[in-house]
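Okay, structure first, notes after.
By convention here, the first residue in the shown sequence is residue 1.
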Amino acid sequence: MSQRRFPVGVQDFEKIITEGFVYVDKTEYIYNLANNYGDAIFLSRPRRFGKSLLCSTLRHYFQGHKELFKGLAIEKLEEKWTEYPVFHFDMSQCKNDEPKGVESSLDLTLKAFEKKYDLSGENLSFGDRLKMLILSAHKRTGNRAVLIFDEYDSPVLNVIDEPEKIKAIKSIYNSFYGPVKSMSDHLRFVLITGITKFSQMSIFSTINNLSNISMLEQWEGLCGITAQELERDFKEDIAQMAIKFKVTPEEMIQRLRDRYDGYHFGPGMVDVYNPFSIVNTFANKVLKDYWFTSATPSALIKILDKYNFKLTDIDNKQVYDSSFDQPFDNMKSALHILYQSGYLTIKDYDFIDEIYTLGIPNGEVYSGFYNTLMPLYLNPSDDDNTSLLITVQRAMRNDDIDTVLTAVQNYLAALPYDLSNKTERDFETILKVLFDCLGIRTDTEVKNARGRCDVVMKNKNTIYVLELKISGAATVDDALAQIDEKNYLIPYWNDPRRKVKVGVVDLAKSVRFLRIIEKHY
């Protein structure tokens with residue numbers, strides 16, 4: 001059996017095709033996007049979700065490289081194969097966090113294009129140089145130009161917590177993108193990709209016919225790997241991994257689904273797998289959190305800190321459609337950017353009330369998200385955190401809640417800061433972070449008709465309902481009585497798993513940890 005080549009880190013369409021890498025055929029989407037929709041497109045998708053490959057494929061299509069598309073869907077759709085002048089700007093190359101670095105990167109890219117067309121942009125603004133290129137290319141070739149701006153927002157996101165740098169970079173952008181509006185007669189197609197939209201950006205305000213396709217049903221599978229594509233194009237690879245993991249192909253698909261699937265980019269709820277993780281998984285034959293660990297956790301921390309985001313708000317959050325179209329720098333909540341960044345996705349859509357429900361997409365993001373946040377909410381020591389996680393993981397495998405809570409008690413007692421003034425909400429968050437790190441589904445502030453349960457943990461065989469009494473004269477009997485009085489177990493009565501009531505009380509205010517008094521079945 002020949003060894004398949006997977007394009008790990010390869011985003012150039014030509015390289016993928018000519019060097020025999022596995023390619024999921026998206027060219028029918030490409031043809032329809034270029035010919036049957038609009039002339040100016042904005043697409044938002046999370047990082048490493050195939051945006052750059054999309055841009056590369058479009059570039060080769062508009063450059064008329066017919067030979068690269070042999071055997072693909074577009075070969076039967078396209079008849080003319082016209083060669084257009086294409087100006088492709090990859091803004092992710094602006095890796096320098098300083099505005100000067102953005103200017104330098106733009107200057108180098110523009111100079112390369114100017115050399116091709118025998119032009120000089122000396123003493124001209126970035127916008128005037130782009131305008132001159134568009135006009136010259138149209139005049140010289142007789143065909144209108146194509147503009148592709150990939151990861152347009154990358155330089156701004158790099159300095160997300162530095163307002164002065166954001167302002168300076170926006171100024172550069174406005175000079176660069178400004179002339180595009182007046183160039184519509186000379187442009188065949190414009191594509192802008194990124195993660196989010198920023199206000200006061202001429203790239204959005206000056207392109208009158210710009211269409212945002214990010215949440216339209218027909219484009220949900222444009223980037224990423226759909227469930228149908230996974231089972232069609234990776235059947236051989238799934239079978240090989242099933243043998244290695246000693247499971248059936250169907251069970252292997254379920255493992256892949258649980259870990260990497262679950263993304264939905266519109267009300268059509270098309271299941272999309274994370275392409276970066278899928279490609280790495282099949283290349284390495286190992287299940288790991290590839291996408292999440294490839295990120296810079298500091299960016300996530302900055303976002304959560306900026307909006308004072310509470311972890312108890314992370315799952316099953318309902319929003320209106322208007323929430324998705326807010327510019328990032330005008331947002332009042334972190335939900336929007338968490339969705340666009342791939343940490344949250346659409347879990348459900350109510351067509352009657354037009355309400356979206358957001359949640360964590362899959363196991364990779366679920367565990368990665370909380371492992372990233374554990375040092376922030378708990379102990380900055382990786383060694384201490386790892387020791388606790390191992391103890392809890394083994395105890396939970398045996399449904400030994402006494403060992404679990406005793407380990408948590410000892411852990412909190414050893415923390416190098418005073419927890420004596422923490423509220424129940426703080427401890428709920430600590431427990432949620434801890435158990436979610438292990439993939440144990442944990443909900444806090446769970447509402448029912450008669451009250452609000454502090455913590456619900458769902459293990460494979462058991463559902464634990466915890467009532468916390470952190471301060472005051474409350475006893476463990478009070479905590480357990482409240483579980484009964486408020487019917488906290490009722491919503492889970494038909495669940496075949498065993499139910500456990502847990503009372504957690506701190507009777508001594510000077511003690512820095514939760515004291516576990518008793519548990520009832």
Side-chain angles (χ1 to χ4, degrees), residues 258 311-312 314-316 359-360 363 366-367 370 374 377-378 387-413 419 422-508 511 513-521:
D258 291 341
L311 286 178
T312 49
I314 194 66
D315 226 356
N316 296 316
I360 295 176
Y366 200 82
S367 62
Y370 286 102
M374 192 171 181
Y377 284 88
L378 299 179
S387 178
L388 174 66
L389 287 172
I390 290 172
T391 300
V392 172
Q393 183 176 24
R394 288 175 173 170
M396 287 300 288
R397 188 182 299 127
N398 298 317
D399 280 315
D400 184 359
I401 193 66
D402 288 324
T403 296
V404 168
L405 293 179
T406 300
V408 173
Q409 175 188 36
N410 295 333
Y411 174 83
L412 294 177
L419 287 175
K422 290 286 185 178
T423 65
E424 288 184 12
R425 185 71 175 259
D426 293 321
F427 282 112
E428 290 168 10
T429 300
I430 289 171
L431 291 173
K432 179 173 178 60
V433 171
L434 171 63
F435 290 106
D436 280 341
C437 279
L438 297 171
I440 300 169
R441 178 57 184 266
T442 305
D443 297 312
T444 61
E445 301 287 329
V446 181
K447 297 178 182 178
N448 68 8
R450 300 193 60 185
R452 189 166 54 190
C453 180
D454 289 333
V455 180
V456 176
M457 298 184 328
K458 298 178 182 179
N459 206 12
K460 181 179 181 181
N461 301 312
T462 308
I463 296 176
Y464 297 95
V465 175
L466 285 73
E467 179 61 28
L468 310 182
K469 299 296 182 184
I470 304 305
S471 59
T475 67
V476 69
D477 287 330
D478 294 332
L480 296 171
Q482 181 171 328
I483 294 175
D484 293 332
E485 179 187 347
K486 301 294 185 180
N487 294 327
Y488 291 157
L489 283 175
I490 293 296
Y492 316 105
W493 214 246
N494 292 326
D495 193 299
R497 286 173 287 189
R498 160 175 94 115
K499 291 82 179 174
V500 174
K501 297 183 292 183
V502 182
V504 182
V505 177
D506 178 10
L507 295 176
V511 179
F513 50 86
L514 304 180
R515 189 147 59 91
I516 292 78
I517 307 298
E518 185 181 348
K519 78 174 192 308
H520 282 187
Y521 290 92

### Summary
Which of Thr462, Ile463, Ile401 passes side chain to side chain contact (heavy atoms under 4.5 Å, CB included) with Met457? It is Ile401
### Query
If you round to the nearest 0.5 Å, how far is CG of Asp443 from NZ of Lys458?
5.5 Å
### Task
Please round to the nearest 0.5 Å and tell me the distance separating atom CE of Met396 and atom CG of Leu389.
12.5 Å
### Query
Hey, is the main chain of Asp478 close enough, under 3.5 Å, to the side chain of Lys469 for a donor-acceptor pair?
no
### Query
For Asp258, what residues pass the side-chain contact (heavy atoms from CB on, under 4.5 Å) criterion, not counting sequence neighbours?
Gln254
### Query
So do the side chains of Leu466 and Asp454 get within less than 4.5 Å of each other, counting heavy atoms only?
no
### Distance-minimising heavy-atom pair for Gly503 and Leu480
N-CD2, 3.6 Å
### Query
If we only count heavy atoms from C-beta on, is the Tyr464 to Val455 side-chain gap below 4.5 Å?
no
### Message
If I compare all heavy atoms of Tyr366 with all of Thr442, which pair ends up nearest, and what's the gap?
### Response
OH-N, 3.6 Å
### Task
Any chance you could measure Ile490, atom CD1, to Ile483, atom CD1, to the nearest 0.5 Å?
12.5 Å
### Task
Using the test salt bridge (Lys or Arg N to Asp or Glu O under 4.0 Å), find all partners of Arg497 that sit at least two apart in sequence or belong to another chain.
Asp495
### Query
What residues form a side chain to side chain donor-acceptor pair (under 3.5 Å) with Arg452, not counting sequence neighbours?
Glu445
#### Entry: Residue list, salt bridge (Lys or Arg N to Asp or Glu O under 4.0 Å) with Asp400, at least two apart or on another chain
none
### Message
Going by salt bridge (Lys or Arg N to Asp or Glu O under 4.0 Å), name the residues that satisfy it together with Asp484, two or more places apart in sequence or in a different chain.
### Response
Lys501
### Query
With sequence neighbours left out, what residues match Ile390 under side-chain contact (heavy atoms from CB on, under 4.5 Å)?
Thr386, Arg394
